[in-house]
There are 2 protein chains.
Amino acid sequence: MATRAAPVPELERDHPCFDCAVRELAVCGVLEPAVLRDFKKSGPIAHYAAGETVVFEADAAANVYSLTGGLLRLSKLLPDGRRQIAGFLFPGDFLGITLEEEHAFTAEAVAPSTLCRFPRRQFDAFVAANPALERRLYAVAAHELAAARQQLVLLGRKTATERVASFMLILAGRCHPIVEDQDISFPMSRADIADYLGLRIETVSREISALKAARVIQLTGRQSFRVADLGRLEQLAEG
Amino acid sequence: MATRAAPVPELERDHPCFDCAVRELAVCGVLEPAVLRDFKKSGPIAHYAAGETVVFEADAAANVYSLTGGLLRLSKLLPDGRRQIAGFLFPGDFLGITLEEEHAFTAEAVAPSTLCRFPRRQFDAFVAANPALERRLYAVAAHELAAARQQLVLLGRKTATERVASFMLILAGRCHPIVEDQDISFPMSRADIADYLGLRIETVSREISALKAARVIQLTGRQSFRVADLGRLEQLAEG
DNA sequence: CGACGGATTGAAGCACCTCAACGGGAGTGG
DNA sequence: CCACTCCCGTTGAGGTGCTTCAATCCGTCG
């Protein structure tokens with residue numbers, strides 16, 4: 001869900017970010033090599049297994065993160081256990097858009113994930129010293145805001161069929177261009193999908209089965225599919 | 001929904017922003033008087049009657065706005081007429097958090113409203129020249145993002161009773177501190193509330209009646225109420 | 001193989017929606 | 001001042017889309 005970055009100069013082979021797969025995608029993409037090297041010094045790499053928690057809701061927001069690999073979910077629990085997933089973070093996405101003292105959402109690894117971790121204080125200093133980074137962060141926040149508001153429409157007004165179709169489109173939309181019959185894999189479980197779409201897993205399952213039966217999509221595995229009829233899928237997603 | 005600003009030096013009486021009621025609340029609050037005067041020159045005041053549209057979804061984002069009085073709603077329509085309100089803008093709030101070329105949501109005046117309008121190009125130049133403004137915009141975006149995600153929980157997982165109770169708390173939360181038996185007025189119609197909460201008007205009406213019958217709130221008019229039992233209201237809102 | 005967790009499918013229930021009637025305040029005109 | 005209308009909100013009765021509960025399937029792993 002990160003926006004595309006301006007190309008940065010080539011890095012030297014010994015640069016700590018040399019083999020980062022998402023360098024240009026991530027917020028760091030706007031930094032000059034020298035600055036980037038300096039920046040990276042403050043940020044060790046952290047690994048999380050599937051299911052592990054990166055930050056707890058209401059934890060002190062001591063660090064910010066840049067996701068370089070894997071998949072995270074941002075979620076919130078109600079007292080009785082109901083869960084809502086506010087969004088997924090893909091490689092290149094930034095975790096820590098807040099000026100509050102504590103995180104508002106729990107971030108957990110859906111699949112094994114790799115993150116660059118930066119102490120917030122140092123990160124804030126870096127931001128203050130690098131206007132380009134500040135602008136980039138604003139762009140990321142604005143983009144996430146638009147995505148969250150779009151999700152409000154889905155949760156507030158769409159039917160189960162429309163929600164699941166929209167979800168498929170969101171997944172497909174991560175590939176550019178969106179083409180039919182291209183294999184798309186998603187690491188999240190039916191439970192995650194349900195909690196993201198405000199449905200129950202049984203409903204998600206039924207709707208996926210219906211899309212498959214209608215030959216709009218094709219299941220190529222439990223966590224992968226192909227779009228068989230893009231036009232129809234878009235139609236279903238918008239009501 | 002705006003965050004509190006640092007106090008600014010006193011303005012001269014002839015300053016165009018001298019009698020702005022939300023100066024310190026709005027994004028302009030971080031600007032020095034001289035800069036502010038310069039800034040304001042680029043921004044004429046616009047008035048909108050209740051029901052009028054400030055920006056249409058998919059319109060070119062040629063301007064940004066600062067709301068100085070009234071109330072706006074941000075909404076999106078599905079092809080068949082279903083509507084979702086993504087949020088309300090109160091005085092001091094900023095309209096135009098996006099780097100896209102077009103607006104993603106329609107903004108309409110719920111009540112007669114007054115806005116400062118700035119051409120986006122000039123505004124962007126101002127932002128680039130004023131790091132404090134840039135930081136402030138980021139803070140606003142981060143805050144709106146948190147609010148939108150909180151709303152996702154409401155729309156995805158809360159019952160009708162919980163939604164309406166939460167809405168009452170949001171309204172009450174705009175007064176600091178939240179005290180019982182203080183009159184709170186809201187200019188939006190039941191239809192607006194319903195489209196904000198992802199419910200139908202009838203359901204909103206029934207739930208409000210139920211809260212009233214349970215003596216949790218007290219209706220003091222069609223568009224005003226008092227919190228009679230804050231603890232109970234909070235309990236109902238959280239499930 | 002048997003056990004386990006995740007996914008699917010079926011049948012019944014319920015929360016909210018839909019449709020419909022009614023109520024009440026604001027504005028208008030006699 | 002009242003009669004009328006209009007709009008918004010409220011209330012009631014019946015319908016439905018998603019949930020709930022339950023059984024089964026299937027791939028994985030010991």
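Letters go in sequence order (proteins before strands), and every chain restarts at 1.
- The stretch residues 209-225 of chain A touches DNA chain C through A/S209, A/R222, each having a heavy atom under 4.0 angstrom from the strand.
- No donor-acceptor pair under 3.5 Å is formed between the side chain of B/S205 and the backbone N or O of B/T203.
- Put simply, CG on B/L78 and CG on A/L154 are 9.5 Å apart, with the number rounded to the nearest 0.5 Å.
- Between A/L230 and A/E180, the shortest heavy-atom contact is N-OE2, 2.9 Å.
- Using a cut-off of 4.0 Å between Lys/Arg side-chain N and Asp/Glu carboxylate O, A/D183 and A/R226 are scored as salt-bridged.
- In the 5' to 3' direction, nucleotides of DNA chain C lying under 4.0 Å from heavy atoms of chain A begin and end at C/dA7 to C/dA11.
- Residue B/I193 contributes atom CD1, which lies 11 Å from atom C1' of D/dG9 at whole-angstrom precision.
- Across all their heavy atoms, B/G239 and B/E162 have their closest contact at CA-OE2, 3.0 Å.
- Among the nucleotides D/dC18, D/dC21, D/dA13, the one closest to the side chain of A/L199 is D/dC18.
- Pairing analysis of DNA chain C (Watson-Crick: purine N1 to pyrimidine N3 plus N6-O4 or O6-N4; G-U wobble: N1-O2 and O6-N3; both under 3.5 Å) yields stems of 3 or more pairs at C:1-30 with D:1-30.
- Ring planes of A/F94 and A/F123: parallel class, angle under 30° (limits at 30 and 60°).
- Of the residues in residues 153-166 of chain A, A/T159, A/A160 come within less than 4.0 Å of DNA chain D through at least one heavy atom, sorted by number.
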Could you list the donor-acceptor pairs under 3.5 angstrom formed between side-chain atoms of residues 48-68 of chain B and any protein atom two or more places apart in sequence or on another chain?
unit_1	atom_1	unit_2	atom_2	d
B/E52	OE1	B/A49	N	2.5
B/D59	OD2	B/F56	N	3.4
B/T68	OG1	B/T114	O	3.0

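- Contact check for B/R163 versus B/V204: no side-chain heavy atoms found under the 4.5 Å cut-off.
- Rounded to whole Å, atom P of D/dC21 lies 10 Å from atom CZ of A/R200.
- Scanning atom types as modelled, no donor and acceptor separated by under 3.5 angstrom connect the side chain of A/E207 and the base of D/dC18.
- Distance alone, capped at 3.5 Å, places no donor-acceptor pair between the A/R200 side chain and the A/A194 backbone.
- Sorted by first then second residue, the salt bridge (charged side-chain N to carboxylate O under 4.0 Å, His left out) pairs that include residues 184-199 of chain A, not counting sequence neighbours, are A/R73-A/D192, A/R83-A/D192, A/R83-A/D195, A/D195-B/R157.
- Within 3.5 Å, no donor on the side chain of A/R82 pairs with an acceptor on the base of D/dT19, nor the reverse.
- In terms of heavy-atom proximity, A/A237 sits nearest to A/L169 at CB-CD1, 3.6 Å.
- For D/dC18, the OP1/OP2 oxygens have no side-chain nitrogen or oxygen of A/R206 closer than 4.0 Å.
- When rounded to the nearest whole Å, the span between CG of A/L197 and C1' of D/dC18 equals 14 Å.
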| said: Let's go through B/Q150 and A/K76 carefully: what are the C-alpha distance in whole Å and the side-chain angles of both, what is the deciding distance for side chain to side chain donor-acceptor pair (under 3.5 Å) to 0.1 Å, and is it a yes or a no? | reply: CA-CA 9 Å; B/Q150 186 56 47; A/K76 198 152 197 165; 2.7 Å; yes

| task | Evaluate side chain to side chain donor-acceptor pair (under 3.5 Å) for A/T161 paired with A/E207, printing each intermediate quantity in order. | result | CA-CA 6 Å; A/T161 306; A/E207 293 299 336; 2.9 Å; yes

